[in-house]
Amino acid sequence: MKRFLPILILGVAAAIVAALIILKPEPEATLPEQSTASIEVLIAQPETVQLSVSSQGTVLPRIESDLAVEVSGRIIEMAPSFRPGGRFKADDVLFRIDPADYEAARATRAAELANAELGLAQEEALAEQAEADWAALGEGEPSDLTLRKPQLTQARALVASAEAALKKAERDLERTEIKAPYNGLVLTKNVDLGQYVTVNPASPAARVYSTESAEVRLPLAQREVFFLDDPEKIQSPVRLFSGDQEWAGRFTRFEATIDPTSRLIYAVVEIENPFEKGLRRGLFVEAEITGRSIDKAYVLPRYALRGSNTVYVVTDDQTLVTREVEILKTDRRQAVLSGGLEPGEQVTTSPIAYFVEGMPVEIISTP
């Protein structure tokens, strides 16, 4: 009997535990209370938006030229403005080469022309006399040599050659004066007073640039091209600024190719009389190009976006849901949406630390 007593005790204990488990009351199911978030919202309303594109670039003259001498000689005169930074006007004489040899060459060519014209006059007289003599004494058809036609052709060719030689001598004499091709500034100067210069296009005498207009090449992503009007139809205004200075330009064209390395396309902005307005060659400027107008677009602050293309919208029962939107353009300040919202919908601008789809919210401010 004593052997079975421990087994009996264990069996009774097991029965009591089983009874307690079976008869334990079920706990009431309760849902945790969800806290209500306080938020600020914006009322989404469609509007007409003037798009713009920002970029940056360097101011460079539209025309920049190397000046090379076309005749050899010693420089005997130089304009005071012919130095780096010097300003000149179109047709100003920048420097002069000694013209003595070229004046002598012109005189020689003029004398040669006079001799050729005399020879032509004599040949014309002889040809007329030969034709008259043949008419009086000759029979049949006269030869060209009899009528002195070859001699007359030669005399005319000599006159034409002498005229061309005289024109060249006059051009060479004119080229002893190196004149400014346009209103501009001297960038670099490689010659000086008393120096002997020779004709060598690879070694220009100076580099100059025009002050009448300048250009800025602005790199753009290909998607930004959509934001701009066709420059062949509308030359859109452009704001250029550096520090606290600002200038106006015009968007005139796109360059013909896309950069194969960066995959960017360049827009070209033109500025009239730039160097009269405080701009300088090589200045780095920021630019804002006025683009096309978009109807029925929504503008939100940049921080209203959640992720790349979603916003939080308040429903009619005061809960918060996620909405995907169509983003047309964003910058550091705002986002322009082309779709995804309805007029009058409330979009939250408040930061949400722990977002749950359908969470209840309380609106505390509606700017």
Side-chain angles (χ1 to χ4, degrees), residues 56-106 167-218 238-250 252-253 255 266 268-287:
Q56 59 283 316
T58 302
V59 177
L60 291 174
R62 190 169 66 87
I63 301 174
E64 190 167 304
S65 314
D66 285 329
L67 294 183
V69 298
E70 296 180 86
V71 294
S72 300
R74 192 171 304 280
I75 297 175
I76 61 171
E77 186 179 335
M78 187 164 287
S81 62
F82 187 58
R83 60 184 185 274
R87 187 178 295 271
F88 53 80
K89 293 183 178 180
D91 295 326
D92 282 355
V93 177
L94 301 178
F95 62 93
R96 184 177 282 108
I97 294 172
D98 187 353
D101 291 342
Y102 300 98
E103 289 172 345
R106 181 182 62 176
K167 287 181 180 179
K168 181 181 183 304
E170 289 174 343
R171 285 198 306 271
D172 287 345
L173 181 59
E174 290 176 359
R175 288 168 178 169
T176 61
E177 292 185 343
I178 287 70
K179 296 182 178 181
Y182 39 66
N183 298 336
L185 289 166
V186 179
L187 181 61
T188 59
K189 177 173 75 79
N190 304 318
V191 297
D192 218 329
L193 190 65
Q195 182 176 341
Y196 190 90
V197 292
T198 58
V199 179
N200 184 0
S203 299
R207 188 167 183 83
V208 299
Y209 60 89
S210 171
T211 56
E212 295 174 0
S213 65
E215 293 183 340
V216 184
R217 297 173 69 239
L218 301 175
V238 181
R239 288 178 57 239
L240 302 168
F241 45 93
S242 177
D244 58 354
Q245 292 183 294
E246 184 173 322
W247 302 271
R250 292 179 296 111
T252 58
R253 69 184 189 277
E255 291 190 350
Y266 283 85
V268 179
V269 172
E270 187 172 322
I271 314 147
E272 296 296 331
N273 299 314
F275 307 107
E276 307 294 337
K277 303 173 182 177
L279 277 170
R280 290 187 178 275
R281 179 186 181 277
L283 179 67
F284 186 81
V285 293
E286 301 286 333

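Worth knowing before you read on, the calculation uses all heavy atoms, side chains too, and leaves out hydrogens, waters and symmetry mates. Numbers here are sequence positions counted from 1. This structure is a prediction, so every number in the text was calculated from the model and none was measured.
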Value rounded to 0.5 Å, distance of NZ in K168 from OH in Y102: 8.5 Å
Would you mind listing every salt bridge (Lys or Arg N to Asp or Glu O under 4.0 Å) that reaches into residues 57-74, with sequence neighbours excluded? E64-R207, E64-R281, D66-R207, E70-R175
Nearest-0.5 Å distance that lies between atom NZ in K89 and atom CG in N183: 7.5 Å
What closest approach, in Å, do V69 and A205 show between heavy atoms, and which atom pair accounts for it? CG1-CB, 4.5 Å
Any side-chain heavy-atom pair from E103 and L173 closer than 4.5 angstrom? yes
Between N190 (side chain only) and P204 (backbone N and O only), is there a donor and an acceptor less than 3.5 Å apart? yes
Passing option when K179 is tested against V93, L94, L67, D92 for side-chain contact (heavy atoms from CB on, under 4.5 Å): V93
Output the distance between atom CZ (F95) and atom CG (L193), rounded to the nearest 0.5 Å. 11.0 Å
Would F82 and V191 satisfy side-chain contact (heavy atoms from CB on, under 4.5 Å), going step by step from the backbone distance to the final call? CA-CA 10 Å; F82 187 58; V191 297; 4.1 Å; yes
Any side-chain heavy atom of M78 sitting closer than 4.5 Å to one from D192? yes
Apply the test side-chain contact (heavy atoms from CB on, under 4.5 Å) to residues W247 and V285: give CA-CA distance (whole Å), side-chain angles for both, the deciding distance (0.1 Å), then the verdict. CA-CA 10 Å; W247 302 271; V285 293; 4.3 Å; yes
Closest non-hydrogen contact found for S210 with F275 is O-CE1, 3.7 Å
Minimal heavy-atom distance between V59 and A214, with the atoms involved, is CG1-CB, 4.0 Å
Partner of P274 under side-chain contact (heavy atoms from CB on, under 4.5 Å), picked from L279, L60, V216, is L279
Lys/Arg-Asp/Glu bridge criterion (N-O < 4.0 Å) met for E170, R106: no
Between S213 and E272, the two heavy atoms sitting closest are CB-OE1, 4.3 Å
Specify the closest pair of heavy atoms between A100 and D98, including all atoms of both residues, with the distance to one decimal. N-OD1, 3.2 Å
Check whether T252 reaches the backbone of V268 with its side chain - one donor and one acceptor, N or O, closer than 3.5 Å. yes
For the atom pair CD1 (I271) and CD (E276), what is the distance rounded to the nearest 0.5 Å? 13.0 Å
Identify, with sequence neighbours excluded, every residue that meets ring-ring contact (aromatic ring centres under 6.0 Å, His included) alongside F88. none
Nearest-0.5 Å distance that lies between atom CD1 in I76 and atom CD1 in I97: 9.5 Å
Counting neighbours of NZ on K277 that are heavy atoms of other residues, nucleotides or ligands and sit closer than 6.0 Å, is the number greater than 12? yes
For the CG atom of L240 and the CG atom of L218, what is their distance to the nearest 0.5 Å? 7.5 Å
Pair S242-F284, side-chain contact (heavy atoms from CB on, under 4.5 Å): steps then yes or no: CA-CA 7 Å; S242 177; F284 186 81; over 6 Å; no
